[in-house]
Amino acid sequence: MALYTFSDLTVQSGLSKVILLQADVSKYLPADKAVLTQYNLIGPPATLFIEPDKVERSSYCVVGYMQLEAFIAILRKILPKPLLISFPII
């Protein structure tokens, strides 16, 4: 997603007021396992949408790759409120 989706100007514009965090959980250390368990993931990659009050918008979780147009549609649904986005990478 970093190569095709997050590099898109529309996505970058939509995320301009969002805090982006990137977590590398590829070493599968205890802290990595804790992140995966907390968000009910089996592994990376995933894009999570988390409210400022730390509540995950799990219905919008993206596991694996998503086409650009589909991802933009998700952003249009959820961005009226400020969101925190984190996405584990490999």
Is there a side-chain contact between [X] and [Y], using heavy atoms and a 4.5 Å cut-off?
X	Y	answer
Leu9	Gln12	yes
Leu79	Phe49	no
Ile74	Met66	yes
Cys61	Leu41	yes

Rounded at 0.5 Å granularity, tell me how far [atom1] in [X] sits from [atom2] in [Y].
X	Y	atom1	atom2	value
Thr37	Ile42	OG1	CD1	12.0 Å
Thr5	Gln67	OG1	CD	7.5 Å
Ile72	Lys77	CD1	NZ	13.5 Å
Leu3	Asp8	CG	CG	11.5 Å
Phe6	Thr47	CZ	OG1	4.0 Å
Ile50	Ile19	CD1	CD1	11.0 Å

Of all the heavy-atom pairs spanning [X] and [Y], show the shortest one and how long it is.
X	Y	value
Leu68	Tyr4	CD1-O, 4.4 Å
Val62	Met1	CG1-SD, 4.2 Å
Tyr39	Glu56	CD2-OE1, 3.3 Å

